[in-house]
Structure formats: C-alpha cells, structure tokens
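Below you'll find the structure, written out as structure tokens, and then a few comments.
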Amino acid sequence: MAANKKVLMLPGDGIGPEVMGEVRRIVDWMDSRRHVTFDLTEDIIGGGCIDAYNTPLKDETIEAAKSADAVLLGAVGGPKWDNVAFDIRPEAGLLRIRKDLGLFANLRPAIVFDALADASSLKREIVSGLDILIVRELTGGIYFGEPRGVEDLPGGGKKGYNTLVYTTPEVERIARVGFELAQKRGKKLCSIDKANVLESTKMWREEVDRIAPDYPDVELSHMLVDNAAMQLVRAPKQFDVIVTTNMFGDILSDCASMATGSLGMLPSASLGAPDASGRRHALYEPVHGTAPDIAGQGKANPLAMMLSFAMMLRYSFDMEEDAGLVETAVEAVLDAGLRTGDIMSSGKKLVSTTQMGEAVVAELDKRAA
Ligand code: IPM
Ligand code: MG
C-alpha cells in the first residue's frame, strides 16, 4: 500500500461543493481499486467562511494547506457577498492562499475533446484537436503590485490605482516553467505581453529572451496581448505553450476555454517552487466560478473539477497512469453522448452532476477491471 497522500479539500461556494462531491467518488474508487489511499480533510474558504468567521480564509486553513501534499479547491464567491468589505471579499481568500503558498505557476490546459468540437462557439475545423497550455504567472503583476488603492482627490472625485510590477526572478522562474513544459510537448513557447506600451512587460520580454538560449530545442515567439486574444479565436491551434502575466493569463484563459465548449471543462494546477527535498505546494482548481444561478440544482458540470483531480495525480503524486485513466474515462463519457447543460447539444443525453460523476466512475471500472 502506497503512503497516504494528504489532500486538503476546499469546496468553497456555489457549485463548488457539488463538483467536489464527484471528486470524492473518484477518490473512493481509487482507495478501493488502485491501492492508493488519500487522507482527505475538508475546510472552508470564501463566502461560507466570511459568514462563519468574518474572513474569507482562516490562518489555520493556510497552515493546513501548507502541510498537505496538495489542495483541491472548488470555487469561491457569489452575489451574496457583493457588498462585503473589499479586503475580506471571497476572492481575497483565493488570492491569499495562492500568495501564501507561493503558487506562482498556474497551468491552464485547454484541450478540445473530439466529442465536444461541435459544442464550441468556434467552428469545428478551428478547434478540433486543439491542445494548448496556458502558463499564467499567479503571484505577481498587477494583482499584487503596490501601491494600490482608491483615494479621494482634494478637488472632489477619486483616484483609483494599481501597479503592474515584475522583477527579473519572477519573470525568469515562470518563463522557465513555460520552456520546460514546451520541451515536454510541442516545443513551441509563445510569450504574451504588451511590450509596445508597458515598460514592465517590455522588460518581461527581454528577460524571456535572455534565458531562451538555455532551451535551444524550444522555438520561442512573442506576441502582443491584443493580437493574442484575436489569434486565440482566429487560429488557436498555432499555439502550443503560452506564458504570460497574471492578468493577461486570467483573461486569455477564459477566452481559450470557449474553444473547448465550456468553461466547465477547464482544469488548472497552481504550483510553487520545489524545496530542497523536491516537495512543492500545489493547488488544483477548475477555471470556472461558482455559477450561483445553477448552484444546488444538480446541473453543474463536474468534469473540470474531476480533470483538476487528474492534474493533481500527475503533478503532485507522479501518478501519470492514473491521471491518464481519469482523463480517458472523461473522454469516454463524452463519446457516449452524456452532457451536462453547459455542453448540451441536440441528440445528446442531458445528465445531472451526479449522473456525470457516476458515469466517469463506471468508465474507470471498465478500464481497470
Ligand atoms: C481565476 C479567477 C480569479 C482570478 C478570481 C476569482 C480572483 O478569475 O482564477 O481566473 O482572477 O485569478
Ligand atoms: Mg479568471
């Protein structure tokens, strides 16, 4: 029996708990069938935590996250907390856990499953076979730069400001993640910036160029973010790995998700730097939000959450075979025509969140029999 893997689950708000419930199904299955035991603990984050403790994230939860081998997160936020103070809004909890765990590398793959090529808002030929990986810098840039704030102007009115700042070590470490992942994939890296306007991203471009000679097998290109947004909907298959700043990555990953049919299909991994023993903090979460309009109705698509679990198996536990098993099971369920509402199209079978989860586990059973 392999050593216990300590996983902290933070289901969060809205559809978070529902989609997390489907991951528990896979965990139970793995516990009984694959001789891997997960030691699961659960805690709260986001709006639910504000309601109970007047903070979106407790210090104890940060400590638990640091001592876990991996964290699985659902989603945070919702209209109920629209009017709480800005520094304790649900999103602040998410930003804090990313920052406190040093999760600077956010991997957002956008893969089009063949069965879903028609669910995309883009034409089948544009998206079919698409497999790109967005590497988003996650603990710097304008999300965290100082100074920031809103001030009253002496003559009336206000001034709101944020700072886009990057340092050489910050750019270098995320660019290296991009180059290394490109080496394992299609050997193409596109760095996205706004170097024609913003000094900080001109410097980003220069730093990426500086380390490029360390990766002679990777073909590096640069693209301005406005053009990149256009290219992602015009011809997304030109990309292999994309590396970009925190905010550009936030925007471009939502954009890329539409190629795959639904935001409900996109998993993500947020990774820290390995320590001397090779151990690193990691958090896995779907790219989608809390979808308050459908929360609690059994309509949510659990696949991004289940695919985030697969990323956890791959990146935190080196369980490539099991990760592949989960991904293949998801693909088989889609091939069989099962669809939640977000990816529904005519002739397919509309299923609930739990039916989708059960179907994935049934496929796992077939494959590991
Ligand atoms: C994301 C989300 C978050 C972000 C929000 C909820 C703070 O949009 O993970 O993409 O902007 O990073
Ligand atoms: Mg986002």
Side-chain angles (χ1 to χ4, degrees), residues 10-17 19-20 44-50 55-57 62 65 71-82 84-110 132-145 148 162-164 166 170 174 192 225 228-229 232 242-260 262-272 281-293 295 300-301 304-305 307-308 311-312 342:
L10 300 172
D13 308 312
I15 60 169
V19 294
M20 190 68 85
I44 55 175
I45 186 171
C49 193
I50 298 173
T55 171
L57 184 64
I62 289 280
V71 180
L72 267 180
L73 190 138
V76 297
K80 182 177 176 198
W81 303 281
D82 275 352
V84 302
F86 191 73
D87 58 329
I88 63 152
R89 70 201 186 285
E91 291 80 0
L94 182 57
L95 296 175
R96 181 171 166 215
I97 198 169
R98 289 173 178 171
K99 187 74 173 173
D100 286 8
L101 267 59
L103 308 174
F104 70 95
N106 183 217
L107 279 41
R108 299 190 160 187
I132 61 180
L133 176 60
I134 297 182
V135 178
R136 169 188 176 193
E137 199 291 323
L138 201 62
T139 52
I142 198 163
Y143 271 50
F144 294 95
R148 60 189 299 157
N162 291 89
T163 305
L164 171 50
Y166 274 113
E170 283 177 307
I174 193 70
I192 293 174
V225 65
L232 271 175
I242 285 173
V243 65
T244 191
T245 65
N246 201 340
M247 187 159 75
F248 295 162
D250 177 46
I251 299 167
L252 294 177
S253 58
D254 268 29
C255 186
S257 77
M258 276 299 105
T260 72
S262 167
L263 200 46
M265 292 302 303
L266 253 72
S268 83
S270 304
L271 309 175
H281 294 311
L283 180 148
Y284 300 85
E285 59 178 317
V287 174
H288 65 69
T290 54
D293 52 324
N301 182 350
M305 187 80 241
L307 292 169
S308 299
M311 288 190 89
M312 181 188 86
D342 58 315

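Ligands are counted one by one from 1 in listed order, and the atoms in each one are counted from 1 as well. Just so it is clear, the values below take in all heavy atoms, side chains as well, and ignore hydrogens, waters and symmetry mates.
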| Evaluation steps, side-chain contact (heavy atoms from CB on, under 4.5 Å), between Ile97 and Leu10 | CA-CA 11 Å; Ile97 198 169; Leu10 300 172; 3.7 Å; yes

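- Evaluation of the side-chain contact (heavy atoms from CB on, under 4.5 Å) rule for Leu307 yields Phe113, Met265, Pro267, Glu327, Val330 as partners, not counting sequence neighbours.
- Scanning all protein heavy atoms for the shortest distance to atom 4 (C) of ligand 1 gives Tyr143 OH, 3.5 Å.
- Under the ring pair (Phe, Tyr, Trp, His ring centres under 6.0 Å) criterion, Tyr166 pairs with Trp204, not counting sequence neighbours.
- Within the structure, ligand 1 has Asp250 among the residues with a heavy atom less than 4.0 angstrom away.
- If you look at Arg136 next to ligand 1, the close heavy atoms, those under 4.0 Å, all belong to the side chain.
- Neither the backbone nor the side chain of Arg89 has a heavy atom within less than 4.0 Å of ligand 1.
- The shortest non-hydrogen separation linking Glu285 to Ser268 is O-OG, 2.8 Å.
- Closest heavy-atom approach to atom 1 (C) of ligand 1 within the set Met247, His288, Arg108: this belongs to Arg108.
- Taking all atoms of both residues into account, the shortest heavy-atom contact from Ile62 to Arg96 is CG1-NH2, 3.7 Å.
- Remark: ligand 1 atoms within the under-4.0 Å shell around heavy atoms of Glu91 are 6 (C), 7 (C).
- Of all the heavy atoms in Ala282 and Leu271, the pair that sits closest is CB-CD2, 3.7 Å.
- Sorted by chain and number, the protein atoms of type N, O or S within less than 2.8 Å of the Mg ion (ligand 2) are Asp250 OD1.
- Checked against salt bridge (Lys or Arg N to Asp or Glu O under 4.0 Å), Lys99 has no partners two or more places apart in sequence or in another chain.
- The shortest heavy-atom distance from Arg98 to ligand 1 is under 4.0 Å.
- With Asn246 as reference, Leu138 is the one residue of Asn106, Leu138, Leu95 to meet the side-chain contact (heavy atoms from CB on, under 4.5 Å) rule.
- Taking the centre and axis of the six-membered ring of Tyr143, the NZ or CZ atom of Arg136 falls inside the cone set by 45° and 6.0 Å.
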